[in-house]
Amino acid sequence: MEQLQLKEKFGTNYVMYELAGDLNSYTASEFREKVFENIKVMNVVIDLSQILSIDSTGIGIIMAGFNDGEEFGHKFYLMNPSPASRTALEDTGFDNIFTYIHSVTEIG
């Protein structure tokens, strides 16, 4: 069965979610809730380095989180996307709108 491990870490002006496994319609509910709750009040960093696969539901959460960040005046960062997540993002044609970082020290 597909699984998504989610670790939440708070920094000075952000919350980071370290994801590992498959991000899809079966595994995304907790991730969705946390992103939509926190982007309203702070910057959000999504560490995609351990993502094995991502489907349209996962991409939709990322895009909605980015849009909500714009609306609420917070940044939405993608950190170290794995090859699978990078491909999924590129396939949308919107990958160039996201802010990619390699470390939380790059958060402005």
Any donor-acceptor pair under 3.5 Å linking the side chain of S82 with the backbone of S85? yes
Let me see the working for V44 and Y14 under side chain to side chain contact (heavy atoms under 4.5 Å, CB included), right down to the final yes or no. CA-CA 5 Å; V44 171; Y14 67 89; over 6 Å; no
Using atom types as modelled and distance alone, determine if a side-chain donor or acceptor of T87 lies under 3.5 Å from a backbone N or O of A84. no
Write down the atom of F72, the atom of I39, and the distance for their closest heavy-atom approach. CB-O, 3.9 Å
Between Y100 and Y77, does the ring centre distance come in under 6.0 Å? no
Judged by atom type as modelled, is there a donor-acceptor pair below 3.5 Å linking the side chain of N80 to the main-chain atoms of H102? yes
Side-chain donor/acceptor of N43 to backbone N/O of K75, under 3.5 Å: yes
For I54 and A88 the tightest heavy-atom approach is CG2-CB, 3.1 Å
Tell me the closest heavy-atom pair linking F36 and G65, and the distance in Å. CE2-N, 3.9 Å
Test item: E33 side-chain N/O and E30 main-chain N/O as donor-acceptor pair under 3.5 Å: no
Linked, directly or transitively: M63 and V35 (ILVMFWY side chains, under 4.5 Å): yes
Identify whether F10 and L6 are in the same connected component of the hydrophobic contact network (ILVMFWY, side-chain heavy atoms under 4.5 Å). yes
Rounded to the nearest 0.5 Å, what separation is found between the NZ atom of K7 and the NZ atom of K9? 6.5 Å
Between T57 and S25 the two heavy atoms that sit nearest each other are OG1-CB, 3.3 Å
Are D22 and S53 linked by a side-chain donor-acceptor pair shorter than 3.5 Å? yes
Would you check if K34 and E8 make a side-chain contact, meaning some heavy-atom pair closer than 4.5 Å? yes
Crowding at CZ, F94 (>12 non-hydrogen neighbours, <6.0 Å): no
Show your working on side chain to side chain contact (heavy atoms under 4.5 Å, CB included) between L23 and D55 and close with a plain yes or no. CA-CA 7 Å; L23 177 56; D55 73 359; 5.9 Å; no
So, does H74 use its side chain to make a donor-acceptor pair with the main chain of G69 at under 3.5 Å? no
Could you give the distance from CD (E18) to CD (Q50), rounded to the nearest 0.5 Å? 9.0 Å
The reported gap from CZ in R32 to OG1 in T27 (rounded to nearest 0.5 angstrom) is 9.5 Å
Step by step, work out the side chain to side chain contact (heavy atoms under 4.5 Å, CB included) result for L89 and L48. CA-CA 11 Å; L89 292 164; L48 297 170; 4.2 Å; yes
Hydrophobic cluster identity match, V45 and I61, side-chain contacts under 4.5 Å: no
Under 3.5 Å side-chain donor-acceptor pair for N38 and Y17: yes
How far apart are the C-alpha atoms of F66 and L78, what are their side-chain angles, what is the distance that settles it, and do they pass the side chain to side chain contact (heavy atoms under 4.5 Å, CB included) test? CA-CA 10 Å; F66 172 83; L78 300 179; over 6 Å; no
What is the distance from atom CG of N24 to atom CD of Q3, rounded to the nearest 0.5 Å? 11.5 Å
Drop me the distance from L19's CG to L52's CG, to the nearest 0.5 angstrom. 11.0 Å
Look up atom CD1 in I51 and atom CZ in R86, then write down how far apart they are to the nearest 0.5 Å. 14.0 Å
Does M16 reach the side chain of V104, with side-chain heavy atoms less than 4.5 Å apart? yes
Exercise: identify the closest heavy-atom pair between F76 and I62: CE2-O, 3.5 Å
Of all heavy-atom pairs linking N13 and M42, the shortest is O-CB, 4.4 Å
